[in-house]
Amino acid sequence: MRVDGRVVLENLDLEVRRGEVLGVVGASGAGKSVLLRALVGLLRPSSGRITILGEDRAALGAEERRSFDARFGVLFQDGALFSSLSVAQNIQVPLREHLALSDALISELTRLKLAVVGLPVEAALKYPAELSGGMRKRAGLARALALDPELLFLDEPTAGLDPIAAAEFDALIADLKRSMHLTVLMVTHDLDSLAAICDRIAVLVDRRLVVGTLDELLQHPHPWIRSYFAGPRGRAAQRAAG
Amino acid sequence: MTGERGWLRASRQGDRLIFEAGGAWVIGAAASLDRQIRAAGRPDARFARLDLGALTALDTAGAWLLRRLENELSAAGATVERAGLGDAFVPLLEQITESDAAPSLPDTRPPPYRFGDFTARIGKAVIRAGKRGAELLGFLGLVCIVALRTLRRPRRLRFATLVTHMEQTGVDALPIVGLLSFLIGVVFAFQGADQLRRFGAELYTVNLLGIAILRELGVMLAAIIVAGRSGSAFTAQIGTMKVNEEIDAMQVLGLDPIEILVLPRILALLLTLPLIAFYADIMGLLGGALMAWGTLDISIPAFLRQLRSPLPGWTFWIGVLKAPVFAGIIALTGCYEGLRVARSAESVGRLTTRSVVESIFLIIVADALFSIAFSYLGI
């Protein structure tokens with residue numbers, strides 16, 4: 001994977017299992033965002049293949065790609081809500097774009113999604129600029145979930161949230177994974193969420209990925225991985241998760 | 001999307017209603033399921049049973065449709081029971097039931113048009129425009145105070161910034177201003193000659209051209225192009241800084257945004273716009289002269305002689321005198337709207353448009369005021 005002629009990622013091999021929560025960690029600038037953007041189809045890999053839900057996105061025609069894109073949801077770092085639309089309209093964008101539902105059903109589903117992500121009904125009419133960071137994330141999640149995707153990509157879902165809100169968000173993700181049978185891939189720096197909800201963790205070091213459970217990674221000899229997980233914050237998170 | 005499409009069958013056994021649901025109850029099938037539920041109707045029954053054994057997939061949309069059906073049945077007085085729900089779907093239905101406690105969305109449709117709404121809108125717009133005018137005047141006052149303060153300590157003026165802005169607003173505008181003035185000169189000479197030829201007064205095309213371009217068009221054209229190029233840039237630059245909280249950072253660091261951002265821009269435009277207007281005059285006359293030479297056989301020296309003789313000496317100065325005023329209007333509205341940007345990218349775009357429209361409007365109003373004043377003075 002190259003960006004502006006610089007090799008950012010190479011010889012990656014990553015397999016996400018259905019129904020798991022996979023955390024991706026790495027130092028700043030290691031290429032986590034590039035990996036995520038390549039996975040959701042915003043960047044084209046310079047070589048190799050990305051297969052999501054059994055389909056190679058690059059091999060699809062325009063029409064197929066549209067319906068394929070509806071099968072996964074993405075939560076961008078700051079929600080990436082459309083600033084000229086209210087929260088309710090933001091959630092309705094994918095519903096109106098991809099499906100021909102009645103207005104009544106759309107409004108009911110919007111209400112439901114808001115409730116599922118834990119936003120009060122009053123937030124529906126607000127515009128993104130009027131929301132707090134945590135609420136923007138929840139609204140972004142509601143939009144990502146609008147089409148009931150099978151796969152969810154999260155970019156730093158708990159960054160910028162206070163610890164209580166972050167823990168609530170983690171619980172929300174775990175809840176949704178259980179009820180909606182989601183597969184989740186999250187880029188995160190939050191050691192607490194790694195310990196609390198991730199089934200496996202992929203570490204980006206030296207342009208490659210090291211994948212394993214938290215316990216396996218604790219035994220890993222690579223110095224960066226050692227200092228990441230065995231540092232004071234890493235140990236505190238493990239204690240908290242028991 | 002997995003397997004069979006969702007379906008619903010309703011049947012009746014005595015006073016029992018039986019709904020059989022099967023297939024994939026997912027959002028892709030939601031529209032058709034919604035219709036099937038409506039079509040099944042709701043004959044009142046004491047008991048209703050939902051047989052969910054044949055469900056192959058369920059997502060929130062499908063779960064909501066089931067839940068809604070149950071709600072409607074029990075609202076009609078029936079006792080509802082579920083049967084055969086697969087274990088995998090239990091948590092989802094639980095979650096939907098829980099979320100169903102949320103109140104419904106407020107109505108977002110705009111109120112219907114009432115008689116008088118239109119006049120009310122005009123009234124509101126007038127009041128808002130008046131308020132903005134007052135604010136702009138206040139901003140002018142603020143800039144004046146800061147300018148006077150800076151005048152006492154001229155060192156505080158950012159000289160390098162000033163030169164950069166002069167380059168961006170002045171030098172970089174030369175090609176487009178030159179081309180447009182030249183073309184306007186050509187068009188003017190051509191049209192003027194066409195009309196005046198009927199009276200055999202082609203030579204007076206030169207006078208027409210001289211007065212029109214020197215007095216009005218040159219400076220006007222320059223001001224309008226600069227408003228579009230630089231006024232909008234001022235709003236966008238300052239507005240983006242506002243979105244990034246850079247203006248707040250400046251204030252916290254003890255820097256005055258007016259002094260650092262607004263003053264150099266205003267000063268740069270005050271200095272460059274008269275020069276650009278002069279350049280526009282020359283290019284306009286050049287276009288006119290070439291056209292006169294081509295179609296009227298008036299040679300360039302003859303054109304210059306004719307241009308000089310009947311024109312009052314101050315014609316040119318009237319035009320150039322307006323330039324600093326127009327420059328003040330452009331820079332002031334551009335910076336003012338930039339500082340009004342709220343913390344969203346959308347407002348940058350909105351206010352940039354507004355700053356251009358406002359400054360062009362104010363330029364034309366100011367030009368009209370100049371005309372009135374000059375005619376009183378008899379110039």
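Residue numbers begin at 1 in each chain, while the letters A, B, ... track the order of the sequences.
Rounding to the nearest 0.5 Å gives a distance of 9.5 Å between CG of A:L147 and CG of B:D59. Summarising the geometry, atom CD belonging to A:E108 is positioned 12.5 Å from atom CZ belonging to B:R67; distances are rounded to the nearest 0.5 Å.
Contact annotation: the side chain of A:M180 approaches that of B:L92 to within less than 4.5 Å [non-hydrogen atoms, C-beta and beyond].
Taking chain B as the reference chain and counting heavy-atom pairs below 4.5 Å, the highest number among A:L114, A:D148, A:L105 is found for A:D148. By number of non-hydrogen pairs under 4.5 angstrom with chain B, the leading residue of A:A129, A:S107, A:P120 is A:S107.
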Output a table of donor-acceptor pairs, distance under 3.5 Å, between side-chain atoms of residues 26-35 of chain B and any protein atom two or more places apart or on a different chain; print 'none' if there are none.
residue, atom, partner, partner atom, Å
B:S32, OG, B:Q36, NE2, 3.4
B:D34, OD1, B:R68, NH2, 2.5
B:D34, OD2, A:S102, OG, 3.3

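A:H98 does not touch chain B: none of its heavy atoms, backbone or side chain, sits under 4.5 Å away. With a threshold of 4.5 angstrom between heavy atoms, A:A146 approaches chain B through N, CA, C or O but not through any side-chain atom. Residue contact with chain A, scored on non-hydrogen atoms closer than 4.5 Å, is absent for B:L58.
B:Q95 and A:S179 are linked by a side-chain donor-acceptor pair at a separation below 3.5 angstrom, with hydrogens and angles left out of the test.
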Item to check | Trace of the side chain to side chain contact (heavy atoms under 4.5 Å, CB included) decision for B:W64 with A:R111 | outcome: CA-CA 11 Å; B:W64 164 246; A:R111 172 182 80 112; 3.0 Å; yes
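No more than 12 heavy atoms of other residues, nucleotides or ligands sit less than 6.0 Å from atom CD1 of A:I164.
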